[in-house]
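The basis for the numbers below is simple: all heavy atoms, side chains too, and nothing from hydrogens, waters or symmetry mates. Note that the structure is a prediction, hence the values are computed from the model and not measured.
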Amino acid sequence: MALLKTINITKTYATGTKPVQVLKNISFQIAEKEFMSITGKSGSGKTTLMNILGCLDTPTSGQYLIENQDVSHMTPDQLAHIRNKKIGFVFQRFNLLQDMTAIENVSLPQLYAGKKETETRKRSAQFLEIVGLSHRINHFPTELSGGEQQRVAIARALSNNPSIILADEPTGNLDSATGEKILQMFKDLNKKQGVTIIVITHDQHVAESTNRIIRLFDGKIVEDKKVR
């Protein structure tokens, strides 16, 4: 059984007098424990596809299944529940709350999920240790480097044990050396922790660091290849 499956997904936006079709009959599967990327130039549809895969949006037509459950036309509340249980997000701009420490940022999704504060703090410390930041747990984002902030974001994404991590341009705000460290961290999490990781990127080097590349152009899949 595929972890994720899209079947003839389309997405159309009503802009002005003429509808714009952004995604056109997108079909693919992602297995458990894959480390893969979705790439394409600006306007190719990758952000729209990411939003659907992350249950931030729904397709206009077609089906999207997560662990064989059709989430294509769920309500916003139902989608929020799926996101909280199954999906961790890592963003280009980190999206950390500036008035919270590293451990408080990592704890937040767990608190939203109804876990007790004492439990979340212990788990958050464990995840910060996984990303090599056990010595920075009480630091605020402004006291951390860009690479450290991104590692906090990765720990936060892991905190509810999601089936999937969606990383949107995760190295885009980092220098090349720090970006390589973050990519290596994703590789290690995939290999050692068995986390399924999907990287959304326009950067060819980042895409080729993953094991599989889906390339979009004008809202269609034009390439789906194994890299290694």
Side-chain angles (χ1 to χ4, degrees), residues 1-13 20-74 79 82-83 86-92 154 157 162-172 179-180 182-228:
M1 183 181 75
L3 177 62
L4 304 181
K5 186 175 183 179
T6 68
I7 305 170
N8 296 325
I9 278 181
T10 70
K11 185 65 180 182
T12 302
Y13 292 104
V20 176
Q21 191 174 35
V22 180
L23 296 178
K24 304 167 185 175
N25 297 316
I26 300 291
S27 297
F28 63 90
Q29 298 183 25
I30 299 175
E32 287 185 350
K33 301 181 182 180
E34 277 204 64
F35 176 38
M36 54 91 66
S37 56
I38 296 173
T39 189
K41 295 180 179 179
S42 179
S44 63
K46 62 184 185 297
T47 299
T48 300
L49 180 56
M50 182 200 74
N51 288 341
I52 291 173
L53 295 178
C55 294
L56 297 167
D57 200 357
T58 55
T60 302
S61 65
Q63 290 179 283
Y64 174 40
L65 288 78
I66 301 179
E67 296 175 338
N68 220 29
Q69 180 182 15
D70 191 345
V71 302
S72 310
H73 304 291
M74 285 186 170
L79 290 174
I82 294 289
R83 285 197 305 272
K86 298 184 183 296
I87 303 168
F89 292 92
V90 179
F91 299 100
Q92 177 178 352
I154 292 169
S163 307
I164 308 133
I165 285 185
L166 270 173
D168 183 19
E169 301 286 3
T171 64
E180 290 298 325
I182 294 299
L183 289 174
Q184 185 59 53
M185 182 170 294
F186 282 134
K187 292 176 185 177
D188 291 342
L189 288 169
N190 172 252
K191 188 173 182 179
K192 298 175 183 177
Q193 308 283 334
V195 182
T196 302
I197 298 176
I198 306 166
V199 180
I200 313 298
T201 184
H202 71 278
D203 188 319
Q204 185 65 23
H205 171 70
V206 172
E208 290 178 354
S209 298
T210 68
N211 299 332
R212 175 187 174 195
I213 299 174
I214 290 178
R215 192 179 311 280
L216 299 181
F217 180 77
D218 195 23
K220 298 177 182 179
I221 294 177
V222 294
E223 184 177 43
D224 184 349
K225 68 175 184 179
K226 294 278 189 180
V227 178
R228 55 184 62 81

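Not one N or O on the side chain of Thr39 forms a donor-acceptor pair closer than 3.5 Å with the backbone of Ala207. In terms of modelled atom types and a separation under 3.5 Å, the side chain of Lys24 and the main chain of Asp218 share a donor-acceptor contact.
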Are Leu53 and Ile164 close enough, and set up right, to give a side chain to side chain contact (heavy atoms under 4.5 Å, CB included), and what steps lead you there? CA-CA 10 Å; Leu53 295 178; Ile164 308 133; over 6 Å; no
Does the side chain to side chain contact (heavy atoms under 4.5 Å, CB included) test come out yes or no for Val71 and Leu65, once each step is laid out? CA-CA 6 Å; Val71 302; Leu65 288 78; over 6 Å; no
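Interatomic distance, CD1 of Ile200 versus CE of Met36, reported as 7.5 Å (0.5 Å rounding). For the atom pair CG of Leu4 and CD1 of Ile198, the computed distance is 5.0 Å after rounding to the nearest 0.5 Å. Ile38 contributes atom CD1, which lies 12.0 Å from atom CZ of Arg215 (distance to the nearest 0.5 angstrom). For the atom pair NZ of Lys225 and CD of Glu208, the computed distance is 6.0 Å after rounding to the nearest 0.5 Å. Atoms CG and OG1, from Leu189 and Thr196 in turn, are 11.5 Å apart once rounded to the nearest 0.5 Å. Taken to the nearest 0.5 Å, the CD1 atom of Ile221 stands 9.5 Å off from the CG atom of Leu23.
Residues Val20 and Thr12 form no side-chain contact, since every pair of their non-hydrogen atoms from C-beta on lies 4.5 Å or further apart. For the pair Ile66 and Cys55, the minimum side-chain heavy-atom distance is below 4.5 Å. When side chains are defined from C-beta on, Leu49 counts as touching Phe28, because their heavy atoms get closer than 4.5 Å. Here the side chains of Glu169 and Met50 are not in contact, with every heavy-atom distance at 4.5 Å or above. With contacts defined as side-chain heavy-atom distances shorter than 4.5 Å, the pair Asn211/Val227 does not qualify. Side-chain contact between Ile182 and Ile154 is present, with heavy atoms from C-beta onward closer than 4.5 Å. Gln92 places none of its side-chain heavy atoms less than 4.5 Å from the side chain of Asp168. Pro170 is listed as a side-chain neighbour of Val199, based on a closest heavy-atom distance under 4.5 Å.
Thr6 approaches Tyr64 most closely through the heavy-atom pair CG2-CD1, 3.8 Å. Taking both residues in full, the closest heavy atoms of Leu183 and Ser209 are given as CD1-OG, 3.7 Å, listed atom of the first, atom of the second, then distance. The two atoms that bring Asn190 and Glu34 nearest to each other are ND2-O, 3.3 Å, heavy atoms only. Shown here for Arg83 and Leu56, the closest heavy-atom pair between the two residues is CD-CD2, 3.6 Å. The two residues Thr58 and Lys11 make their nearest non-hydrogen contact at O-NZ, 2.7 Å. Between Ala157 and Ile165, the shortest heavy-atom contact is CB-CD1, 4.2 Å.
Side chains of Asp203 and Thr201: a donor-acceptor N/O pair is absent below 3.5 angstrom, by distance only. A donor and an acceptor atom, one from each side chain of Thr10 and Ser61, are located under 3.5 Å apart.
For Phe89, the ring-ring contact (aromatic ring centres under 6.0 Å, His included) partners two or more places apart in sequence, or in a different chain, are Phe91. In terms of the salt bridge (Lys or Arg N to Asp or Glu O under 4.0 Å) criterion, residue partners of Asp224 (sequence neighbours excluded) are, by chain and number, Arg212.
Lys5 NZ: 12 or fewer foreign heavy atoms inside a 6.0 Å radius.
Because its NZ or CZ atom is not both nearer than 6.0 Å to the ring centre of Phe217 and within 45° of the ring axis, Lys220 does not count as a cation-pi partner of that residue.
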